[in-house]
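Here's the structure, in structure tokens; my notes come after.
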Amino acid sequence: MNKRLPFGLAMVLLFVPCLLLVAFTHYPALRALLNSFWNNASSRRPSKFVGVENYQTLLEDDRLAQIMLNSTLYALGTIPLAIGLAIGMALLVNARLPGTSLMRLSFFMPTMLPMIAVANIWLFFYAPGIGLASQILGVFGLPPINFLGSTETSLVSMMFVAVWKEAGLFMIFYLAALQAVPENLKDAARLEGASATRIFFNIVLPLLRPTTIFVAVNALINAFRLVDHVIVMTRGGPNNSSALLLYYIYEVTFSQRDFAYGATLTVLMVCLLGVLAAVQFWVLNRKAHYQ
Amino acid sequence: MSAPGISLEVRNLRKSWGAVDVLKGVDFDIHAGGFLTLLGPSGCGKSTALKLISGLESVTAGQILLDGQEVTGKAASDRNIGMVFQNYALFPHMSVAENITYGLKVRKVAKATQQASLKRVAELMALSPLLDRKPAQLSGGQQQRVALARVLVSERPIVLMDEPLSNLDAKLRVEIRSEIRALNKQLGITVLYVTHDQSEALSMSDTVVLMNKGQVAQIGTPKDLYDRPANTFTASFIGTPPMNLLAAKDVVLPDWVASRVSAEQADLLIGVRPEIMHILGDNADFSARCTVASVEYEGSVFLVHLRTQTGAAFILAHHGPDAPIPGGEIVVGWGNEQAHLFSRETGRRISSS
């Protein structure tokens, strides 16, 4: 019954996936690391080893400092908000209320749209004067705001789009986790006299912790990974006020064609994400309960 | 140490889920400190009754009285009822100590009192060395004892138990069974116990309420249910194996029954316990000629599967060094005082005098 695979086929099955993994993940990563220690080649002279020179540039780059601040604010703003909103929406659609399936669909809809489409929809919302956002402000007698065109509001506007798009996906994870919380645990707490709020904070929320770890890591990666809306809506502007790290890497590498510095920035981002994910797992895991 | 138990009365309890009537008017009561078991096959409504009494579900109609006071409309937390759940419902992210004191914490009992109560209950339930563990690190029996400790620490006068032993192995079941019984007797707590296992019900309870399809089939002491089943449902539920019910035409009847059958034209069922019949019963008051279909060996007893001449199957529990040989023909008999008569039409017991 347990027929042995021919050796040749086994090798093919082993090497094809390995080849793909090496070609598109490991080699580029290693190459980026190597490139970050070399300068750019030109038609007159080949690339040459420069040691940590690129990393010194990194430390002196004022634009990078601004972008790191943007990325930090973006992550700190979107992740907790998206998670909070996702839990709220999951609780809402998990309650036995009429119309929950319609609600579920509408909460999940933004997630199904591609980011480019989402960005275009929000371009209309944010359009100064005629957009939905300006019209709402108008109803309250407030002056219109150029959401994407001013340095004060452009980053916050990007954050709104991200939260709007991501919360629906996270809601699905929380909904699944909520439905896995045994009913009799809530019954037991209720008999002890715990209120609904207390049951949520003492019983339900701790049991959602594995989901929160998963969602938080994903949200963090997404905060650095998703820049489609920045490209479509603001191109990092005005005056770098909405530029994020990945957008900057894209711009340096493919607009300015500074491959060496682009590789250096990439190494920075990978290290940053690795450290953040490790910290997140460590902090949340200490108190997490896996059944 | 605990407050003495209180009485519970249930009057005409009804519950419907949409068009489905789960409970169709159930009445019973427990005296203070009593041990009452709701027994029945799955789906008979016994767990629903427990949820209604605890207040976790609202009643469709009927009254629930605790200590003479009506609590039907009260919230679960205001009824002062403790409950042990089928799969224990321990909070998986809390330690044993946190699980036990959770209720005290919610009700803002002073820290020192909490610790004193915890210590006392942990000693009583032999949990002291396990207080820092998480429920997942405990065996089934230990989890069960934590669930009991959590109920005891609150000193509730009445405790509901929903099939608390169903997840344990047979040996542990017998152990915890006697622990629960001892708690009921020593502490004087009223216990309302739900199970589908008749040996639990018969061995632990003061009173058994046998339920069938949302109604009470019979209420009585375990001995009542076994000795004088009020109807064919009780007869065919209680006992392992349960009582045989034979058609009158398959049995050689004594004169007093035969005359009654012909006088009233009543169609009777003759009930007899498998363990009471004996072989070679030609001279007994009741007897039946039958063939031996098969024999099961059960250690202390042989279960002999028999067939009457009309093909009806019944069982003889035969003690003795050897069993009848399959395929052979035998006569089994029993006495007047061991026969139970039921009306085939209504299923009710007919008094034998």
Side-chain angles (χ1 to χ4, degrees), chain A residues 83-84 87 90-91 94-101 173-217 280-291, chain B residues 47 50-57 71 74-95 98-109 114 133-137 143 146-156 158-164 167:
Chain A
I83 288 177
I87 294 177
L91 286 172
N94 195 37
R96 294 193 198 113
L97 297 171
T100 45
S101 50
F173 294 121
Y174 278 112
L175 187 60
L178 276 180
Q179 285 174 349
V181 173
E183 206 56 38
N184 65 7
L185 291 187
K186 291 185 246 174
D187 283 347
R190 245 171 89 197
L191 277 175
E192 297 287 5
S195 62
T197 324
R198 180 128 200 183
I199 293 173
F200 175 74
F201 283 106
N202 287 174
I203 314 293
V204 178
L205 204 56
L207 292 178
L208 293 182
R209 201 166 252 136
T211 310
T212 303
I213 297 176
F214 174 78
V215 165
V217 170
Q280 232 170 1
F281 270 115
W282 181 69
V283 168
L284 289 168
N285 235 341
R286 270 189 319 170
K287 298 197 85 182
H289 164 78
Y290 289 97
Q291 202 117 34
Chain B
S47 291
L50 209 63
K51 286 212 153 174
L52 297 182
I53 294 165
S54 69
L56 293 170
E57 296 283 355
V71 297
K74 276 195 182 177
S77 52
D78 296 335
R79 296 190 187 191
N80 201 18
I81 287 178
M83 186 153 170
V84 178
F85 292 83
Q86 183 169 9
N87 25 26
Y88 321 133
L90 299 178
F91 307 126
H93 56 291
M94 296 185 194
S95 69
E98 287 167 327
N99 260 291
I100 294 175
T101 55
Y102 181 73
L104 303 177
K105 220 165 87 188
V106 168
R107 290 190 295 278
K108 300 195 171 65
V109 172
Q114 279 186 29
R133 299 235 193 129
K134 291 277 168 70
Q137 298 167 297
Q143 290 186 21
V146 176
L148 287 170
R150 189 170 67 180
V151 163
L152 292 176
V153 82
S154 298
E155 308 196 356
R156 310 282 199 180
I158 177 165
V159 171
L160 315 184
M161 301 191 184
D162 188 3
E163 309 216 8
N167 291 354

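Below, chains carry the letters A, B, ... as their sequence lines are ordered, and counting in each starts from 1.
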Could you pull out the closest heavy-atom pair between B:Pro92 and A:Leu185, with the gap in Å? CD-CD1, 3.7 Å
Taking all atoms of both residues into account, what is the closest heavy-atom pair of A:Pro206 and B:His93, and its distance? CB-CD2, 3.3 Å
The interface call for B:Leu90 against chain A, heavy-atom contacts under 4.5 Å, is backbone
Answer with side chain, backbone, both or neither: which region of B:Arg150 has an atom nearer than 4.5 Å to a non-hydrogen atom of chain A? both
Partner of A:Glu192 under salt bridge (charged side-chain N to carboxylate O under 4.0 Å, His left out), chosen from B:Lys105, B:Arg79, B:Arg107: B:Arg107
I need the [X] [atom1] to [Y] [atom2] distance, nearest 0.5 Å.
X	Y	atom1	atom2	answer
B:Leu160	A:Leu191	CG	CG	8.0 Å
B:Phe91	A:Asn202	CZ	CG	8.5 Å
A:Arg198	B:Tyr102	CZ	OH	5.5 Å
A:Arg190	B:Met83	CZ	CE	11.0 Å

Hey, which residues of residues 50-57 of chain B are touching chain A, say heavy atoms under 4.5 Å apart? B:Lys51, B:Ser54, B:Gly55, B:Leu56
My understanding is that only residues two or more places apart in sequence, or in another chain, count here; which of them pass ring pair (Phe, Tyr, Trp, His ring centres under 6.0 Å) with B:Tyr88? none
Sequence neighbours left out, what passes ring pair (Phe, Tyr, Trp, His ring centres under 6.0 Å) with A:Phe214? Give chain and number order. A:Phe173
Under the rule for salt bridge (charged side-chain N to carboxylate O under 4.0 Å, His left out), what residues qualify as partners of B:Glu98, not counting sequence neighbours? none
